[in-house]
Amino acid sequence: MKKIVSRIMLFILCSCFIFPITSFANSTGSEFAVVDETDILLESELNELNNILLSLRKKYSQDISVVIANELYRETAMESADDIFDYGGYGYGENSDGMLLYICLYPREYYFSTHGSAMKVFNRNGLVYLEEKVVPYLIDDDYYGAIKTYADTSEELLEMAAGGTPYNNRPIKDILIVISLVILIPFVIAFSLTFRKLKKMKTANKQEYASNYIKQGSFNITRQGDVFLYSTTTRTLKSKSISGGSHTSSSGRTHGGRGGSF
Amino acid sequence: MDNIQSYKCPCCGAALEFSPSLGKLGCESCGNEFELDVLKQIKDAQDGVHESNYDWEHYEPREFGNQETKGISGYTCPSCGAEITGDDTLSATVCPYCSNATIIKSQFEGTLKPDFVIPFKKDKKMAMEEFEKACKKAPFLPDEFKDKKRISEMSGVYVPFWMFDCDCTADVTYNAQRIFRWSDSNYDYTRTDFFHIFRSGNVGYENIPVDGSKKADDNYMEALEPFDYTDAKNFDTAFLSGFLADRYDVSAEESIERANERVKNSTISAFGETVCGYINVVPVNCGVNFSRGKIRYSLLPVWMLNIKYLDKIYKFAINGQTGKVVGEYPVCKKKRNRFFYKVFGISLTIALVIGWLYLS
């Protein structure tokens, strides 16, 4: 089964440049909602997850899919996810509504690529919520758990959107940071400007230097040297989450999304 | 047989060992490796920095001649003890240091003759105008403080200063850094290069003033600088006419320490300006040497002004040559708070709009 899936994946990728996008128009999505190129999932897990995601497609008319790959197909996880979605026949209905979770193992990166009406259902805040639920499993290398959570959370968000109000709550951390900055920055500005003006109220200050009294033409350097001793290099991991926002993929279609490394 | 030369790690101070395979000296403690040439340069630079030696000539005080003191009187302030010199014709005046109005005329004695004097260029009216201009630039000044009646008592005083001249040779070493930043898709990198920098050379100083009066606040007197010494004249009692003159009560020897401090700081700063293209330039060692530095005694013109406001005396000094005003102004808390809340209110409104747009 896994081999069949891998071949299908290979076929999809090879066909990227052969078939025009329109050949997938009006599709109801791929038969395989979960494609595991890495054989990291057990067959039973694969089937179970596939069935869950296919049932979501049926219920909400959104193609919710996953691709697990060994390496990036394009330069970035975002480009890889978008191209697989566009050229691999993903998306439901005329507008190709849906979301693809692309998981890459080397480097350990992920990306949620959304298209069509899924961009509203899984808006920026919805994707942050989804990310908060799924990424901890990815970090623990629990890919079954990650995809199961992805399916459950997607269903939760789809259900809310079906009720007429898509999830759009700002993460509480973001709200607290914004509130703190809104108060702190004006306070710092007011304090520093007042302090600067207060300094003008005291002009009787000691002079540490006597540069005014250097005799003209008396300063000259007779010996000098700049000796290199050693270097230290530090590196810090870039911020994990990358919000792709609304962007255009290589096919010219508009996608939403969010991703990062784990 | 020659002694074996050993080197210490410039980073951590541990002993360095030669690694035949690398052809370098390595530090087991911090893991750094150094070329022998680099270590030799560092050692030469360190050996070049000698202990500072400030050698000032002894100042020989000059007495007034009998004829010179004719028409000069001494004045003593019973409140603060200031002993001031002035001409005989000086009518009732107030003490320039404490504003006491009952200074006592006494016999002129014990004052030494200055080497030179910079005469007043700004008269009382001009000094007053300079003060009023300075008040306008003081943002939180209480309105009542600007009342002209308060600033009528202004005294022109020749303040005693010791002037120091020297031609130094100096060796200064600095530690400095250069920082490079770059990124790839996963990481941000920062590379810090560490340098040992040395500079040797000459620098000469002329007329570094150090306040020779205990009554005059050192901070005020230094803040009044600079004076223009091209206007300096040989001392003559005629310059005292209409003004007061304080006599020094801090000896030349007692002022040397402050002069040395300023020479050293200025030398580090002047040599440091030649260290370009680095950040975090920190002086490590500084050796300043000179011999037969000259000391002279001078009188410099200062207008003294004491203003009583809400039971506190606020002191101001005005450079009698340039008109520069220094002092500590009273702060109107109402104005200060109003300014703070105004800036806070405007910035908060802008921040709220940006925050709301961001969250919505």
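Order of the sequence lines sets the chain letters (A, B, ...), proteins ahead of strands, with each chain counted from 1.
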Distance (rounded to the nearest 0.5 Å) between S266(B) OG and I214(A) CD1
6.5 Å
If you count the non-hydrogen atoms of other residues, nucleotides and ligands that lie under 6.0 Å from CZ in F180(B), is the total more than 12?
yes
With a 4.5 angstrom heavy-atom cut-off, is it the side chain or the backbone of W356(B) that approaches chain A, or both, or neither?
neither
Please report the closest heavy-atom contact between A204(A) and A223(B), naming both atoms and the distance.
CA-CB, 3.8 Å
Partner chain A: residue of I208(B), T169(B), D165(B), D218(B) with the largest heavy-atom pair count (under 4.5 Å):
I208(B)
Using non-hydrogen atoms and a 4.5 Å limit, figure out which bit of L198(A) sits close to chain B: side chain, backbone, both or neither.
both
Is there a side chain to side chain contact (heavy atoms under 4.5 Å, CB included) between V227(A) and F198(B) once you walk through the steps?
CA-CA 8 Å; V227(A) 183; F198(B) 59 90; 4.0 Å; yes
Below 30° counts as parallel, above 60° as perpendicular, anything between as tilted: where do the rings of Y230(A) and F34(B) land?
perpendicular
Count the heavy-atom pairs under 4.5 Å between each of R258(B), K315(B), Q177(B), E35(B) and chain A, then report the option with the highest count.
R258(B)
Quick one: closest heavy-atom pair of A351(B) and P186(A), and the distance?
CB-CG, 3.9 Å
Less than 4.5 Å to any heavy atom of chain A: does that hold for the side chain of T274(B), its backbone, both, or neither?
side chain
Side chain, backbone, both or neither: which part of F227(B) has a non-hydrogen atom closer than 4.5 Å to chain A?
backbone
K335(B) atom NZ, over 12 foreign heavy atoms within 6.0 Å
yes
Under 4.5 Å, counting heavy-atom pairs only, tell me which of A190(A), G225(A), G217(A) racks up the most with chain B.
G225(A)
Region of Y229(B) that comes under 4.5 Å of a non-hydrogen atom in chain A
side chain
Distance from I183(A) atom CD1 to L352(B) atom CG, nearest 0.5 Å?
8.0 Å
Would a 4.5 Å heavy-atom cut-off, applied to side chains only, mark K197(A) and F140(B) as touching?
yes
With a 4.5 angstrom heavy-atom cut-off, which part of N212(A) approaches chain B: side chain, backbone, both or neither?
side chain
For the side chain of T233(A) and the backbone of R191(B), is there at least one donor-acceptor N/O pair under 3.5 Å apart?
no
Test log, rule ring-ring contact (aromatic ring centres under 6.0 Å, His included), inputs F187(A) and F340(B):
CA-CA 9 Å; F187(A) 181 82; F340(B) 178 87; 5.8 Å; yes
Stepwise, does the side chain to side chain contact (heavy atoms under 4.5 Å, CB included) test hold for F344(B) with F191(A)?
CA-CA 8 Å; F344(B) 183 71; F191(A) 182 82; over 6 Å; no
Side chain from CB out, backbone as N, CA, C, O: work out which of these in V182(A) comes under 4.5 Å of a heavy atom of chain B, or both, or neither.
both
Under 3.5 Å, side chain of T190(B) to main-chain N/O of T234(A), donor-acceptor pair present?
no
For side chain to side chain contact (heavy atoms under 4.5 Å, CB included), just list the numbers for Y358(B) and V178(A), CA-CA rounded to whole Å, side-chain angles, deciding distance to a tenth of an Å, and then say yes or no.
CA-CA 8 Å; Y358(B) 179 77; V178(A) 171; 3.6 Å; yes
In sequence, state the C-alpha distance, the side-chain angles, and the governing distance for F228(A) and F194(B), and then conclude on side chain to side chain contact (heavy atoms under 4.5 Å, CB included).
CA-CA 6 Å; F228(A) 170 75; F194(B) 293 83; over 6 Å; no
Of the listed K264(B), K342(B), E225(B), the one with the largest count of heavy-atom pairs under 4.5 Å with chain A is E225(B)
Would you say N202(B) and F219(A) make side-chain contact, with heavy atoms under 4.5 Å?
no
Rounded to the nearest 0.5 Å, the CD atom of E328(B) sits from the NZ atom of K202(A) at a distance of 5.0 Å
Per-residue contact mode, V263(B) against chain A (heavy atom under 4.5 angstrom)
neither
Can you tell me how far the CG atom of N175(B) sits from the CG atom of L229(A), to the nearest 0.5 Å?
7.0 Å
F164(B) side chain reached by Y213(A) side chain, heavy atoms, under 4.5 Å:
no
For R178(B) and D226(A): C-alpha separation, side-chain torsions, deciding distance, then whether salt bridge (Lys or Arg N to Asp or Glu O under 4.0 Å) applies.
CA-CA 12 Å; R178(B) 272 186 189 149; D226(A) 297 18; 5.3 Å; no
Here the gap from M201(A) atom CE to Y314(B) atom OH, rounded to the nearest 0.5 Å, amounts to 9.0 Å
Measuring heavy-atom distances to chain B, does I221(A) have an atom under 4.5 Å in its side chain, in its backbone, in both, or in neither?
both
Value rounded to 0.5 Å, distance of OG1 in T232(A) from CD1 in I179(B):
8.5 Å
Engaged part of D37(B) at the chain A interface, taking heavy atoms whose separation is under 4.5 Å:
neither
Between Y205(B) and K215(A), what is the shortest heavy-atom contact and its length?
O-CE, 3.7 Å
Report yes if the side chains of N219(B) and N205(A) come closer than 4.5 Å at any heavy-atom pair, otherwise no.
no
Out of A259(B), C168(B), P209(B), which one racks up the most heavy-atom pairs below 4.5 Å with chain A?
P209(B)
E33(B), E261(B), H196(B): which one forms the most heavy-atom pairs within less than 4.5 Å of chain A?
H196(B)
Crowding at CD, E71(A) (>12 non-hydrogen neighbours, <6.0 Å):
no
I'd like to verify something: which residue of E75(A), Q216(A), K200(A), R235(A) has the highest number of heavy-atom pairs under 4.5 Å with chain B?
R235(A)
If you count heavy-atom pairs under 4.5 Å between each of A138(B), G201(B), A176(B), P330(B) and chain A, which one has the most?
G201(B)
Are the side chain of E222(B) and the backbone of Q207(A) linked by a donor-acceptor contact shorter than 3.5 Å?
yes
Is the shortest heavy-atom distance from the side chain of T194(A) to the side chain of V343(B) under 4.5 Å?
no
Which answer fits Y278(B), side chain, backbone, both or neither, if we ask what part of it has an atom under 4.5 Å from a heavy atom of chain A?
side chain
Between T203(A) and V325(B), which heavy-atom pair has the shortest distance, and what is it?
OG1-O, 3.8 Å
